[in-house]
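One structure below.
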Amino acid sequence: METHELISAVQALEPAAVPREKVDRAAVVAPVERFLELMARLRDEPDLRFDMLCTHTAIDWIAEARLELVYCLYSTVHRHYLVVSASVPREAAVMPSMQALWPIAEWQEREVYDLFGVRYTGHPDLRRILLDDDWQGFPLRKDYRDDFMLEGPK
Amino acid sequence: MGSGWETTTLAERAAEAMPGSLLAGAGYVLLAVVGASLFVAVLGMALIYAERKVAAHFQCRLGPMRVGPHGIFQTVADTIKLLFKEDIVPAQSDRVLHLAAPFFSMMATLLALVALPMSPIVQVADMNIGVLYITAVTGFGVLGVLLAGWSSNNKWSLLGAMRAGAQIISYEVSATMSLLVVVLFSGSMQLSRIVESQADGWWIWRAPVVGVVAFVIFLIASLAEISRTPFDLPEGESELTAGFHTEYSGLRFAMFFLAEFVNMFVVSAMATTLFLGGWMPFHIGGVESFNAVMDLLPPGAWFALKSAAVVFLIMWFRWTFPRLRVDQLMKLEWKVLLPIGFVNLFAAATAVVFGWYFFPF
Amino acid sequence: MDVSRMNPIVAPPLRRSGFFADIVAGLRSLLQGMGITFRYFSHPSTVVTQQYPENRATLKMFDRYRMRLSLPHDENGFHKCTACRICEQACPNGSINVVSRKGAVTGKTELDRYIWRMDSCTFCNACVMACPFSCLKMNGDFECSVFDKSLLVFNLTRYAGPTSTVLMKVENPEERRKLWEPRDVYSGPLPLRGTELPGGGKTLGKPEEPARSET
Amino acid sequence: MSAIVTTLEQRIGRGATTQEFFVNMGPQHPSTHGVLRLVLKLEGETVKDVIPVLGYVHRGVEKMGEHLSYRQFVHLTDRLDYLSALANNWAVAKAVEKAAGIETNERIETIRTLVAELQRIASHQLWWGVFGMDLGAFTPFLYGFRDRERITDILEETIGARLTMNYIQPGGVMFDLHPDFQRKVKEFIAYFRPKLEEYETLLSRNIIAQERMRGVGVLEAAQAVALGATGPVLRASGVAHDLRKSEPYGVYGKVEFDVPVGARGDCWDRYWVRIEEIRQSLRIIEQLIENIPEGKHLLVKPAVRTKVPEGITYSQVETARGVFGVLLVSDGKDVPYRIHVRTPNFNNLWAITRIAPGWRVADLVTMISSLDIVVPDIDR
């Protein structure tokens with residue numbers, strides 16, 4: 001499916017979804033409230049069939065005090081991509097877990113939790129995955145500092 | 001038989017000398033003890049060196065090249081290193097058993113060496129139940145492995161030990177089954193008489209077909225008994241790190257290592273004795289001129305050559321084959337080797353009854 | 001995109017045929033494998049091992065091999081570095097430190113010390129690529145192991161002063177000499193633990209290379 | 001205390017019972033291919049559960065990337081999946097080129113394809129050797145390395161490094177091909193084809209190896225997709241998903257090759273797919289090596305810090321282990337605002353938690369090896 005077709009297909013499922021600008025492939029921003037339902041339908045809708053969660057990560061837009069959670073979906077049936085994103089506030093980053101839809105989300109979400117501090121509701125085992133269990137802070141947040149960090153090059 | 005070989009053993013000579021002079025008797029015993037220890041140490045080092053070199057050349061490498069010309073003193077250096085290394089006993093281990101386990105393994109190996117006829121005159125003790133004895137004492141080695149695995153208080157070691165226990169006990173059956181074929185044909189359990197019975201041809205080919213089958217089964221089963229690849233599950237490096245001897249270091253590790261390699265020799269020597277004519281030169285019944293040429297090499301050299309060939313075969317297996325899985329190992333034993341072994345034994349018995357073998361006398 | 005354009009070829013199944021057929025086929029497969037290993041065993045010419053310290057005379061790295069950063073000095077002993085710091089900025093992990101100074105005579109910026117930390121270098125070649133004057137080079141001197149990490153900090157310059165282009169414009173050797181000032185091979189930052197350099201700071205067989213600084 | 005004793009007695013009275021126990025496989029274990037830790041729940045030898053514990057070589061590549069220019073970031077990807085460093089470089093280069101609109105020429109793309117395919121072969125050779133070793137045969141390990149050395153030498157001559165190449169740059173490749181490259185690659189292909197047959201005889205046709213692989217660790221297609229597995233692991237499950245075909249980059253669109261897929265998704269299929277991929281890579285190289293187009297090898301000045309316009313770019317390549325993706329978020333500066341790498345091994349690893357239960361420890365080793373894990377790629 002072409003980019004605009006995909007976007008309109010998603011908007012048919014979720015009217016509140018708006019296309020995300022400046023992404024090199026079909027991308028939408030969806031509201032957090034009905035996110036899980038949207039994702040479930042994206043996975044199961046016969047025209048869409050996004051059966052693979054390619055990657056999931058977050059972007060810390062510190063200036064706007066929000067974390068943008070990015071889900072890159074892929075369909076091995078129709079061979080198309082879709083980037084779905086949702087924004088959660090930085091200080092209260094809570095997101096429904098996609099673990100029931102794509103098992104891989106369990107670990108991808110653990111990684112995002114580990115590095116960004118997003119809390120996933122309904123996640124069976126939300127622990128740190130890459131860092132030590134007693135690590136303080138969430139390193140990929142832009143305001144993260146610790147004693148060992150060097151200044152970036154000018 | 002009428003081969004004309006005179007066989008004497010050290011035990012016999014000691015017994016002969018004993019009434020005459022106690023000192024001479026004791027001398028023979030001392031000779032046996034010192035000789036055996038030296039023999040085991042040198043043999044172990046030679047085998048380890050050989051293994052490393054053979055492995056290297058199978059793998060397009062050179063192997064040890066640094067210590068001495070072509071690295072021949074490498075194993076000596078390694079042995080010295082192992083002797084001086086700290087002997088670590090894990091804190092939570094069963095200390096006494098942990099310390100004792102390597103000796104059990106070593107003991108089994110040494111006891112097996114006692115009965116091997118290496119030449120008409122080099123044999124420590126020639127028992128009339130030699131075959132049975134060897135089977136018994138090699139089975140004893142599993143005790144050391146089990147104790148080592150249990151006493152280390154390490155789960156990997158325990159897994160290795162349990163594998164070893166199951167494996168060695170299972171494969172005893174097949175090994176014995178194939179030994180019995182030779183016992184049937186030669187009509188004796190005494191190792192020297194088994195060797196003498198092969199004056200006209202080795203049992204591997206003189207016993208038609210059943211000899212070869214028995215030899216193959218014996219080789220496979222013995223490989224499993226001494227835990228060599230493809231049956232090295234008890235220590236399967238990629239699975240159990242080092243299996244039962246994970247927690248061993250220094251001298252005690254060296255003893256396991258030595259026992260493993262000398263076991264390989266014991267198996268080769270047994271295969272040689274039973275199937276390949278032992279120290280008997282290569283004879284073809286009735287062709288006297290050919291036999292005379294073969295007799296030029298002394299019997300001891302024949303034994304060494306044949307054993308070395310089998311050792312090489314075992315190494316060759318090790319550096320070619322992957323490892324079996326536990327259940328496949330058991331399947332191979334109980335579903336393949338054992339039925340074939342039974343049928344083979346039955347066929348051998350039939351052959352003996354009807355005299356169906358080459359060069360009957 | 002339809003699947004047929006992928007030209008998928010499907011894995012052949014592993015079949016079992018029967019008790020005896022499997023045993024025979026299995027033994028055959030084992031013997032074939034043994035044949036392969038034996039071929040190598042019986043052909044010592046297939047050995048690929050290189051006896052390293054013995055073959056040092058013949059062992060040559062490829063020209064592009066990236067190991068030690070060097071600042072080649074020309075036949076007059078002059079380098080071309082203008083201390084522009086582009087390499088310093090190109091370095092992803094801060095392994096390069098270009099210390100510049102105002103020339104005592106010329107009054108322009110010139111290179112004082114070129115400090116390269118091999119201990120943090122990832123040999124990514126970015127500095128060599130970035131250098132607009134092509135005055136850096138990675139060479140194949142791979143024998144760099146030392147017992148002390150602090151010995152892995154090198155000073156690549158043999159003198160402080162202007163580039164070779166500037167120096168060669170000056171015709172009088174006496175005048176030239178006034179423009180540069182030799183840098184002791186040990187004049188880099190002070191050693192972390194006061195380690196002495198073994199062998200006078202020279203690495204194996206490369207006397208023309210700038211010696212390591214005593215950091 | 002007495003309660004425990006009595007229950008034990010009762011158990012013994014009822015007959016032998018078994019007890020599940022936990023054992024740590026790793027971080028130092030010969031078969032975890034690095035510092036990966038698997039907590040195993042075992043019942044005897046049977047694996048009940050596998051819990052991977054990661055992070056022993058976590059280096060924070062993504063955080064580092066936020067402080068490095070795009071060109072500088074490339075060299076960090078060498079250190080993720082070090083066996084397909086070139087493909088990883090390519091993924092970053094591709095992302096930056098796409099985002100910044102840098103055009104490349106035919107020669108650059110051909111060189112990239114060639115070296116990436118060479119490295120795919122090298123990676124599979126190494127995998128083959130290690131797989132053999134994990135099955136207990138040590139010799140394949142050395143044969144694999146011996147033949148891999150040839151490729152490493154070819155690449156070293158052109159690139160100057162053996163493992164962490166940092167060769168493919170945004171806007172081109174670091175060096176032009178070495179004059180000897182074509183000749184040596186042809187020599188290598190002539191050398192390696194018979195060797196591949198030896199590989200087959202030594203391991204693929206070996207009855208013990210076949211028995212160890214047959215039906216072990218079946219990963220079904222739907223499960224593999226849902227677990228985000230890619231590369232040979234996914235293809236062995238029967239899903240013909242290969243980026244080189246489905247969205248051709250480089251010059252993959254112009255060469256002929258087949259995509260090997262498995263029928264059942266067991267270890268044998270994963271094994272076979274990789275062996276067949278070596279053949280297909282050789283085919284690709286053979287088609288390309290004869291006429292490499294002329295042109296410049298680097299179109300962007302190396303000292304320039306490329307500025308990427310604002311936006312998100314996701315680009316991915318097919319490495320030897322699967323899909324390596326780079327999610328590049330730019331705010332218009334010369335350093336990324338956020339750079340995320342989607343590594344194939346991180347996503348492939350979790351298949352082990354689904355396929356291992358019920359099999360034995362020895363099979364677990366086979367399965368890990370058949371997933372072809374590179375730990376730094378998991379931990380980033």
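Sequence lines set the chain letters: A, B, ... in the order given, protein chains first and strands last, and positions in each chain run from 1.
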Less than 4.5 Å to any heavy atom of chain A: does that hold for the side chain of [X], its backbone, both, or neither?
X         : value
Ser69(D)  : neither
Leu327(D) : side chain
Leu349(D) : neither
Val225(D) : both
Ala351(D) : neither
Leu243(D) : side chain

Atom [atom1] of [X] and atom [atom2] of [Y]: how far apart are they, to the nearest 0.5 Å?
X         : Y         : atom1 : atom2 : value
Leu131(A) : His58(D)  : CG    : NE2   : 4.5 Å
Trp350(D) : Glu106(A) : CH2   : CD    : 8.0 Å
Ile378(D) : Trp107(A) : CD1   : CH2   : 12.5 Å
Lys98(D)  : Asp24(A)  : NZ    : CG    : 4.0 Å

field: Selection from Leu53(A), Asp60(A), Val83(A) maximising heavy-atom pairs under 4.5 Å formed with chain D
entry: Asp60(A)
- prompt: Do you know which of Ile129(A), Leu115(A), Thr76(A) has the most heavy-atom pairs with chain D at a distance under 4.5 angstrom?
  reply: Ile129(A)
- request: Could you please spell out the steps behind the salt bridge (charged side-chain N to carboxylate O under 4.0 Å, His left out) verdict for Glu247(D) and Arg79(A)?
  value: CA-CA 9 Å; Glu247(D) 39 204 279; Arg79(A) 298 182 191 282; over 6 Å; no
Side chain, backbone, both or neither: which part of [X] has a non-hydrogen atom closer than 4.5 Å to chain D?
X         : value
Leu73(A)  : neither
Ala105(A) : neither
Arg20(A)  : side chain
Asp114(A) : neither
Glu21(A)  : neither
Cys72(A)  : side chain

task: Show your working on side-chain contact (heavy atoms from CB on, under 4.5 Å) between His340(D) and Thr55(A) and close with a plain yes or no.
output: CA-CA 9 Å; His340(D) 170 70; Thr55(A) 191; 2.8 Å; yes
message: Quick check on Arg119(A): does its CZ atom have over 12 non-hydrogen neighbours (other residues, nucleotides or ligands) under 6.0 Å away?
response: no
query: Does CD belonging to Glu220(D) count more than 12 external heavy atoms closer than 6.0 Å?
result: no
- request: Please step through side chain to side chain donor-acceptor pair (under 3.5 Å) for the pair Arg338(D) and Thr57(A), ending with a clear verdict.
  value: CA-CA 10 Å; Arg338(D) 160 109 176 91; Thr57(A) 188; 2.5 Å; yes
- prompt: What option among Asp379(D), Val329(D), Asn347(D) has the most heavy-atom pairs under 4.5 Å with chain A?
  reply: Asn347(D)
message: I need the residue from Gly55(D), Ala226(D), Gly311(D) with the largest number of non-hydrogen atom pairs under 4.5 Å to chain A.
response: Ala226(D)
- request: Start with the C-alpha gap between Leu130(A) and Tyr56(D), add the side-chain angles, then the distance that decides, and say whether side-chain contact (heavy atoms from CB on, under 4.5 Å) holds.
  value: CA-CA 8 Å; Leu130(A) 294 174; Tyr56(D) 290 92; over 6 Å; no
- prompt: Does the cation-pi check pass for Lys142(A) over Tyr337(D), that is, NZ or CZ under 6.0 Å from the six-membered ring centre and within 45° of its axis?
  reply: yes
message: For the residue pair Tyr81(A) / Gln316(D), report whether a side-chain donor-acceptor contact shorter than 3.5 Å exists.
response: yes
- prompt: Does the side chain of Thr313(D) come under 3.5 Å of the side chain of Arg25(A) through a donor N or O and an acceptor N or O?
  reply: no
- prompt: So which residues of residues 96-104 of chain A are in contact with chain D at a heavy-atom cut-off of under 4.5 Å?
  reply: Trp102(A), Pro103(A), Ile104(A)
- prompt: For Ile312(D), does its backbone N or O pair with a side-chain atom of Lys22(A) as donor and acceptor, under 3.5 Å?
  reply: no
query: When the ring planes of His241(D) and Tyr74(A) are compared, do they come out parallel, tilted or perpendicular, using 30° and 60° as the limits?
result: tilted
Considering all heavy atoms, the nearest Glu111(A)-Arg380(D) contact: OE1-NH2, 2.7 Å
